[in-house]
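Written out below as structure tokens is the structure these notes cover.
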Amino acid sequence: MELKVTTLEGKAAGSVQLSDEIFGLEPRADIIARCVQWQLNKRQAGTHKAQGRADVWRTGKKMYKQKGTGSARHGSARVPQFRGGGRAFGPVVRSHATDLPKKVRALALKHALSAKAKDGGLLVIDSAQVKNAKTKALVGQFSGLGLTNALIIDGAELNNGFAAAARNIPNIDVLPIQGINVYDILRRQKLVLTKAALDALEARFK
């Protein structure tokens, strides 16, 4: 699969041959969905906590005598029936993470990349570097390329000026190749890869 390479200024910079093993697969929604769910589960903090009857600071003395009052039988005031008592079956601190085999994660990434290539949402640029690290100038360059909602993946090291200029632009994310993931690819309309990112991806899957 051949794709044209452009610069940030919108000028032609040759073409590149994409690997069919990475960008030419028939996307499977079930594999992609499994990976997205795994990512969302893993990033949940799980710090929610409610006080149970063992956590409530209140006396455990029997409220009143068992018989002869005409009222229902009660013991501790910590039980959930009473105001100020512990919550029954409340949330506890726990991990929401689920397991997903490494090979399935790698396959899901390939399918997500293939889905972008198939839908025409993939763009390859020469490099993600700017001389004038100004957000206004970068917005103009993105407008020329038609990028209003995009994920930009660079090589192992991000250009500090480019990353700083893109930081304040809404719906634009910039990540190094180590941070590429299925969820971020799908949540943006366009996927922009630099030549360095493309080389790193092919080296990773070969």
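In what follows, residues are counted from 1 in the order of the sequence shown. In this text, all values refer to a predicted model and were calculated from it rather than measured experimentally.
Checked by atom type, the side-chain pair Ser15/Glu2 shows a donor-acceptor distance below 3.5 Å.
Residue pairs satisfying the side-chain hydrogen bond (donor to acceptor under 3.5 Å, both in side chains) criterion with at least one member in residues 121-136, sequence neighbours excluded, are absent. For residues 81-91, there are no side-chain hydrogen bond (donor to acceptor under 3.5 Å, both in side chains) pairs, not counting sequence neighbours. Residue pairs meeting the side-chain hydrogen bond (donor to acceptor under 3.5 Å, both in side chains) criterion with at least one partner in residues 142-158, sequence neighbours excluded, are Asp154-Thr194. Residue pairs meeting the ring pair (Phe, Tyr, Trp, His ring centres under 6.0 Å) criterion with at least one partner in residues 59-102, sequence neighbours excluded, are His48-His96, His74-Phe82. The stretch residues 102-123 participates, sequence neighbours left out, in these side-chain hydrogen bond (donor to acceptor under 3.5 Å, both in side chains) pairs: Glu26-Lys118.
Residues Arg204 and Ile22 fail the side-chain proximity criterion, which asks for heavy atoms closer than 4.5 Å.
Leu100 and Leu113 fall into different hydrophobic clusters, where Ile, Leu, Val, Met, Phe, Trp and Tyr side chains are chained together by heavy-atom contacts under 4.5 Å. Under a hydrophobic-cluster definition in which Ile, Leu, Val, Met, Phe, Trp and Tyr are linked whenever side-chain heavy atoms come within less than 4.5 Å, directly or via other members, Phe205 and Val104 are assigned to different clusters. Ile31 and Ile180 are members of different hydrophobic clusters when ILVMFWY side chains are connected at heavy-atom separations under 4.5 Å. One hydrophobic cluster, built from ILVMFWY side chains closer than 4.5 Å, cannot hold both Leu25 and Ile185; they sit in different ones. Under the 4.5 Å side-chain heavy-atom criterion for Ile, Leu, Val, Met, Phe, Trp and Tyr, Leu122 and Leu186 are members of the same hydrophobic cluster.
Under a 3.5 Å cut-off, the side chain of Arg73 and the backbone N or O of Gln66 do not form any donor-acceptor pair.
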Report, one line per pair, each donor and acceptor closer than 3.5 Å where one atom sits in a side chain of residues 32-39; sequence neighbours left out.
unit_1, atom_1, unit_2, atom_2, d
Gln37, NE2, Asn41, OD1, 3.0
Trp38, NE1, Thr98, O, 3.2
Gln39, OE1, Val182, N, 3.4
Gln39, OE1, Tyr183, N, 3.1
Gln39, NE2, Asn181, OD1, 3.1

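Legend: residues meeting salt bridge (charged side-chain N to carboxylate O under 4.0 Å, His left out) with Lys49, ordered by chain and number and at least two apart, are Asp55. In terms of the side-chain hydrogen bond (donor to acceptor under 3.5 Å, both in side chains) criterion, residue partners of Thr7 (sequence neighbours excluded) are, by chain and number, Glu9. Shown here are the salt bridge (charged side-chain N to carboxylate O under 4.0 Å, His left out) partners of Arg188, two or more places apart in sequence or in another chain: Asp173. Considering only residues two or more places apart in sequence or on other chains, Asp184 meets the salt bridge (charged side-chain N to carboxylate O under 4.0 Å, His left out) condition with Arg187. With sequence neighbours left out, Asp99 forms a salt bridge (charged side-chain N to carboxylate O under 4.0 Å, His left out) with no residue at all.
With rounding to the nearest 0.5 Å, the separation of OG in Ser71 from CE in Met63 is 9.5 Å.
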List the steps and the verdict of side-chain contact (heavy atoms from CB on, under 4.5 Å) for Val124 and Lys4. CA-CA 7 Å; Val124 179; Lys4 292 182 180 179; over 6 Å; no
Please assess Lys190 against Leu151 for the test side-chain contact (heavy atoms from CB on, under 4.5 Å), listing each intermediate value before the final yes or no. CA-CA 6 Å; Lys190 291 277 187 178; Leu151 170 65; over 6 Å; no
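Applying the under-4.5 Å side-chain rule to Ile, Leu, Val, Met, Phe, Trp and Tyr, the cluster around Ile172 extends to Leu8, Leu123, Ile125, Val130, Leu138, Val139, Phe142, Leu145, Leu147, Ile152, Leu158, Phe162, Ile169, Val174, Val192.
Annotation for Arg58: atom CZ counts as buried by contact number, over 12 foreign heavy atoms lying within 6.0 Å. With a 6.0 Å radius and a threshold of 12 heavy atoms from other residues, nucleotides or ligands, Lys62 has its NZ atom above the threshold.
Of all heavy-atom pairs between Thr59 and Lys61, the closest is OG1-N, 3.1 Å. Nearest approach of Ala115 to Pro27, heavy atoms of both residues: CA-CG, 3.6 Å. Pro80 approaches Ala88 most closely through the heavy-atom pair CG-CB, 3.8 Å. Residues Gly85 and Val56 come closest through the heavy atom pair C-CG2, 3.8 Å. Across every non-hydrogen atom of Ala50 and Gly90, the tightest pair is CB-CA, 4.2 Å.
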